[in-house]
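To start, the structure under review is shown below, and the notes come after it.
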Amino acid sequence: MLWRAGLVLLLCWGSTGERRHQPRDSPEREDPTSKLQADSASVSTRQQRSPPPVEPLDFGFVPSGVYDTHAYYEPGAIGALFHMVHAFLYVVQPNPFPKDLIVKVIQQNMGGIKLEDYRKPENVVLMLQTIYYEAGFLVCVSLGCVFLVLTPMVGLCFCVCRCCENCGGEMHQRQGKNPDCQRGFYTAALITTSIFITTGVLIAHAANHNITSQIKSTRRFISTNMRDLKTFANNTPAQIDHLTAQYTTAKNKVLSDLDNIGPLLGGRIQTQLEKEVVPSLDTALRMAGGKVENAVKALRESKEALESVSSSLDVLHEGTSRLALRLTYERTSLSNTLSDPACTNGAVSRTCNNIRITLPQLGINSNFSGLPDVSPQLASLEIVLKTDLSNILQKGYSSFNDTPRLVQQQTKNVVAALPRVKAMLDKIGVEIIGFSKMFPVEASLANFTIFLSQGQKNMEAYYPQIDQMDFYRWIGCVAVLCSVVLVLTFNFLGLLCGTCGYDKQATPTTRGCLSNTGGNLLMAGVGFSFIFAWVLMGLVSAGFVVGGNIEKLFCEPLANRQLFKIIDTPYMVHPAKKNFLPGMLFQNPNINLTVGSMYRDCYDNNGLYHALQLETMFNINTFLKTTVFNKDLVKVFDSVSIDLQGIVLLEEDGRDNLLTFSNAGIGDINYAAYLAEVNKGVTLVDLLSFSNELEAQADLLPRGALENALKGHASSIRQIHREQVVPMEQAMSTLSQSIRLLQRTAKELPVKVTNVLSAIDEAEYLITHNASRVVKQERDVYMQSLVGYFRQYTDWVKNSLTGEVSQCKPISNLIDSMEIVACSFIVDSVNTFWFGLGGCCVFLVPSIILSVKLAKYYRRMDTEDVFEEGQENW
């Protein structure tokens with residue numbers, strides 16, 4: 001009754017919870033977690049990595065008590081006797097436990113047994129199977145009954161026969177061969193038989209004493225089991241309170257993570273970007289950076305070249321004007337010199353005419369005024385160079401380093417909703433606590449504790465009566481053993497007196513008083529053996545039948561749990577109830593709950609919720625899911641949205657300027673006109689050659705003023721070449737190099753600009769697509785971590801209910817203690833008692849025969865055989 005009351009502790013929770021649980025689990029109610037689970041599934045299909053584990057929460061240890069009962073019994077030295085009895089019973093009954101036979105017998109005779117039912121074939125078969133199973137017991141009991149019937153009859157006949165001086169009753173001993181050898185054999189055999197009987201008495205007495213001593217140990221089992229059941233009842237409310245209170249741990253962790261969503265989610269995104277996106281972005285940005293550097297270098301070289309062209313053109317324009325004036329002046333001056341009258345002489349005139357013919361060569365050959373101005377291209381290039389292309393690399397990295405701040409800005413709505421979230425979570429906590437308080441668990445357990453205390457007091461009140469009854473039992477067993485001890489006393493005293501008083505020289509008629517007394521004591525032992533042997537055999541047979549069958553049909557199957565299989569057989573107890581235990585506890589026999597499964601769970605110290613399979617009536621996990629994961633909370637989690645689409649590495653204006661300049665910038669310059677002009681000489685003739693030729697013509701003239709004048713003009717022309725033509729040639733060379741550079745750059749620049757824009761587009765694509773994928777992935781992981789805290793709580797509650805709350809070890813200890821008390825303390829001792837007593841009964845038969853035979857050698861005879869002289873005398 002006590003263990004049943006312990007099992008029913010939380011039934012009110014289960015039955016009431018089922019009614020409350022049903023509307024929450026109704027078909028029309030949508031599971032709020034389905035959307036989160038679908039999102040998680042879609043994210044997991046896109047990502048190629050397992051999500052990081054959710055940070056484990058510390059819910060502490062469920063308060064647990066220490067159970068004092070150790071349901072284990074080591075019998076000690078008497079255990080060898082128990083094993084001996086078990087071996088004997090196995091020899092008598094080697095058949096396995098007849099589970100199927102017992103089930104059939106119970107089920108077929110469930111409605112009662114009538115006399116005519118025995119004639120039914122199925123009952124006849126069952127009876128034959130039962131007789132076959134009990135064959136060993138039936139044979140032994142039959143032998144016991146034969147002994148029980150024959151012993152008094154043989155004793156009566158023996159007494160009558162001896163009274164008629166037959167059967168050894170005649171006080172005359174005939175001459176025999178080797179009488180001393182026969183006497184010695186009978187003496188040794190009787191001593192051996194008496195020792196065996198003594199051993200049986202000691203075995204029976206040890207078993208008798210063991211019952212008394214173990215009855216005192218039974219009180220310890222009762223006390224510890226009661227104390228464990230009270231501990232079980234007292235700890236359960238505190239354990240339930242601990243489960244409900246730990247919801248706050250998950251709630252506070254969720255609120256903390258939501259409050260720090262910027263650093264947490266942003267840092268997580270940044271960390272994952274560093275693993276997945278940044279390596280690719282590094283490559284893209286380095287490529288873009290290299291291409292940008294090349295483009296910037298080309299643009300700067302183009303700018304320098306355009307500036308060089310512009311400055312060269314200015315130098316050439318100014319130099320051309322000055323050179324034209326100088327050459328015009330020199331040509332006019334030289335023409336005036338050639339108009340000197342000295343040039344009219346015959347030989348001189350020809351030289352002067354030759355010089356006069358070359359005067360038109362003193363002129364400008366290049367015309368730079370017609371070349372187009374490059375100022376528009378230079379201005380356009382300067383606008384392009386104002387676009388900071390070199391900062392694109394840093395801008396790309398800074399966009400990732402700024403991720404936490406960006407996340408914090410974009411999740412202000414979540415932080416603002418924290419008070420509302422806290423209110424929702426507090427409401428859930430109040431609902432969970434209220435749900436646990438709506439069941440009268442504490443009141444039921446308090447009543448159960450009172451019931452246990454009262455039951456223990458009632459049992460303790462019977463202790464004096466139990467001790468008194470055990471004392472009477474002990475006295476009765478000792479009295480039974482004393483009957484055997486009385487026979488042993490006569491045997492040993494007879495052997496002692498007969499052996500000590502025996503005289504080889506005395507004849508049978510002259511034997512001494514001591515020897516005669518020994519013989520009489522042996523015959524007294526024979527008489528008492530006939531008196532007590534059949535009674536003892538009756539007690540042995542009854543104990544053997546009862547104790548042996550209890551051992552084979554109850555104790556052994558209880559030890560190997562085969563007995564539970566009978567109880568757990570469907571429709572065993574009632575034809576309309578499939579399972580016995582749930583039908584008794586929950587009035588629902590269709591639940592797959594068995595005594596064996598409950599015992600195994602309790603033996604493993606699992607929780608009563610799991611042992612009684614209360615989840616079939618009230619699934620706490622489903623209740624917590626439907627309570628904790630509500631739609632409003634899911635909406636708050638879904639409002640977390642992060643977007644990196646706004647990151648731009650190159651503004652649209654800079655992109656347009658690059659495209660415009662690459663398409664219509666330095667490519668519009670008339671490079672052919674420039675190259676045509678710079679390929680011309682500055683003057684129509686090389687002034688140095690002209691001056692040298694003029695000087696050579698002057699040397700042909702006679703010495704005088706004309707010669708000196710012409711040489712002065714030659715010197716002036718050299719000075720013009722040195723001061724004006726050489727700088728202009730240098731400017732033209734610079735202009736030529738710049739024009740050629742610009743011409744080459746004009747072909748390469750559009751390709752480089754296109755490459756730059758392509759690289760920037762690739763980097764931006766990497767950010768806006770790959771990084772955005774990582775952001776969404778980490779956002780979903782973050783959401784799952786928030787949900788994971790509650791899932792940790794629900795899983796922890798389920799696991800705690802399974803293994804830590806209301807640990808039902810006391811129930812299995814109670815069953816094991818009942819087994820120890822009933823089987824190890826009582827049945828094994830009772831079986832050992834009849835085993836020892838039965839050995840005494842068996843050896844009383846040879847004791848009777850040997851005592852009768854040996855008494856002839858010790859008792860004083862009335863007559864004796866007469867021997868002739870020379871023969872041996874008695």
- [ ] Quick one: do Y472 and Q468 satisfy side-chain hydrogen bond (donor to acceptor under 3.5 Å, both in side chains)? Show the steps, please.
- [x] CA-CA 6 Å; Y472 292 152; Q468 187 177 10; 2.9 Å; yes
Open item on the list: Working note: K230 + S453, criterion side-chain hydrogen bond (donor to acceptor under 3.5 Å, both in side chains); need CA distance, chi angles, decisive distance, verdict.
Closed with: CA-CA 8 Å; K230 292 178 182 178; S453 300; 3.3 Å; yes
Task: side-chain contact (heavy atoms from CB on, under 4.5 Å) evaluation trace for L81 with V85 - done: CA-CA 6 Å; L81 300 179; V85 174; 5.5 Å; no
- [ ] Before giving the answer on side-chain contact (heavy atoms from CB on, under 4.5 Å), spell out for V484 and L837 the whole-Å C-alpha distance, their side-chain angles and the decisive distance to 0.1 Å.
- [x] CA-CA 9 Å; V484 181; L837 194 60; 4.2 Å; yes
Task: Residues F82, T832; criterion side-chain contact (heavy atoms from CB on, under 4.5 Å); working and verdict - done: CA-CA 6 Å; F82 293 165; T832 304; 3.1 Å; yes
TODO: For N95 and Q93, run side-chain hydrogen bond (donor to acceptor under 3.5 Å, both in side chains): C-alpha distance rounded to whole Å, both residues' side-chain angles, the deciding distance at 0.1 Å, then the answer.
DONE: CA-CA 6 Å; N95 299 319; Q93 176 54 280; 2.9 Å; yes
TODO: Check the pair M226, M459 against side-chain contact (heavy atoms from CB on, under 4.5 Å), reporting the backbone distance first and the verdict last.
DONE: CA-CA 11 Å; M226 289 295 181; M459 285 186 289; 2.9 Å; yes
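Taking both residues in full, the closest heavy atoms of Y73 and Q214 are given as OH-NE2, 3.4 Å, listed atom of the first, atom of the second, then distance.
Atoms CD1 and CH2, on I211 and W474 in that order, are 12.5 Å from each other to the nearest 0.5 Å. Remark: L558 CG to F564 CZ distance equals 5.5 Å, nearest 0.5 Å. Atom-to-atom distance recorded for F97:CZ and Y133:OH is 7.0 Å, nearest 0.5 angstrom. In this structure, the separation between CD1 on I550 and CG on D828 is 11.0 Å, given to the nearest 0.5 Å. In this structure, S817 OG and I222 CD1 are separated by 9.5 Å, a value rounded to the nearest 0.5 Å. Atom CG of residue L481 and atom SG of residue C840 lie 7.5 Å apart, to the nearest 0.5 angstrom.
No side-chain donor-acceptor contact under 3.5 Å links Y462 and E460. Side-chain contact of H86 with N831: a donor-acceptor pair under 3.5 Å is absent, judged by distance alone. In the model, R227 has a side-chain atom that pairs as donor or acceptor with a side-chain atom of S223 under 3.5 Å. Donor-acceptor pairing under 3.5 Å is lacking for the side chains of Y67 and Q807.
When atom types are taken as modelled, the side chain of S847 and the backbone of F843 share no donor-acceptor pair closer than 3.5 angstrom. Listed for the S824 side chain is no donor-acceptor partner under 3.5 Å among the backbone atoms of V821. Using modelled atom types, no side-chain atom of T151 and backbone atom of L148 make a donor-acceptor pair closer than 3.5 Å. No donor-acceptor distance shorter than 3.5 angstrom exists from the side chain of N208 to the backbone of A204, with no hydrogens or angles considered. Using a distance-only test at 3.5 Å, with no hydrogens or angles considered, a donor-acceptor pair links the side chain of D228 to the main chain of D68. Under the 3.5 Å distance criterion, the side-chain polar atoms of N606 are left unmatched by any main-chain donor or acceptor of C602. Under a 3.5 Å cut-off, the side chain of S541 and the backbone N or O of G538 do not form any donor-acceptor pair. With hydrogens and angles ignored, the 3.5 Å screen pairs a side-chain donor or acceptor of S213 with a backbone N or O of N210.
Contact annotation: the side chain of L522 never approaches that of F490 to less than 4.5 Å [non-hydrogen atoms, C-beta and beyond]. The closest side-chain heavy-atom distance from V845 to F147 is below 4.5 Å. Contact of the L495 side chain with the L854 side chain is registered, since non-hydrogen atoms from C-beta on lie closer than 4.5 Å. For the pair L539/W834, no side-chain contact is recorded, criterion being any heavy-atom separation below 4.5 Å from C-beta on. The side-chain heavy atoms of N605 and C808, taken from C-beta on, include no pair separated by under 4.5 Å. Looking at heavy atoms from C-beta onward, F825 lies in side-chain contact with T218 at the 4.5 angstrom threshold. At least one side-chain heavy atom of Q182 sits under 4.5 Å from a side-chain heavy atom of Y857. Looking only at side-chain heavy atoms (C-beta outward), F544 and V92 come within less than 4.5 Å of each other.
Applying the side-chain hydrogen bond (donor to acceptor under 3.5 Å, both in side chains) rule to T212 yields the partners D470, R473; only residues at least two apart in sequence or on another chain are considered. Contacts of S597 classified as side-chain hydrogen bond (donor to acceptor under 3.5 Å, both in side chains), with partners at least two apart in sequence or in another chain: T594.
Counting heavy atoms of neighbouring residues, nucleotides and ligands inside a 6.0 Å radius, atom OH of Y90 does not exceed 12 of them. Within 6.0 Å of the NZ atom in K552, the count of heavy atoms belonging to other residues, nucleotides or ligands exceeds 12. A 6.0 Å sphere centred on CZ of F137 holds more than 12 heavy atoms belonging to other residues, nucleotides or ligands. Sparse packing is recorded around NZ of K853, with 12 or fewer heavy atoms of other residues, nucleotides or ligands lying under 6.0 Å away. Annotation for Y599: atom OH counts as buried by contact number, over 12 foreign heavy atoms lying within 6.0 Å.
Taking the charged nitrogens against the carboxylate oxygens, R561 and D816 do have a contact shorter than 4.0 Å, which makes a salt bridge.
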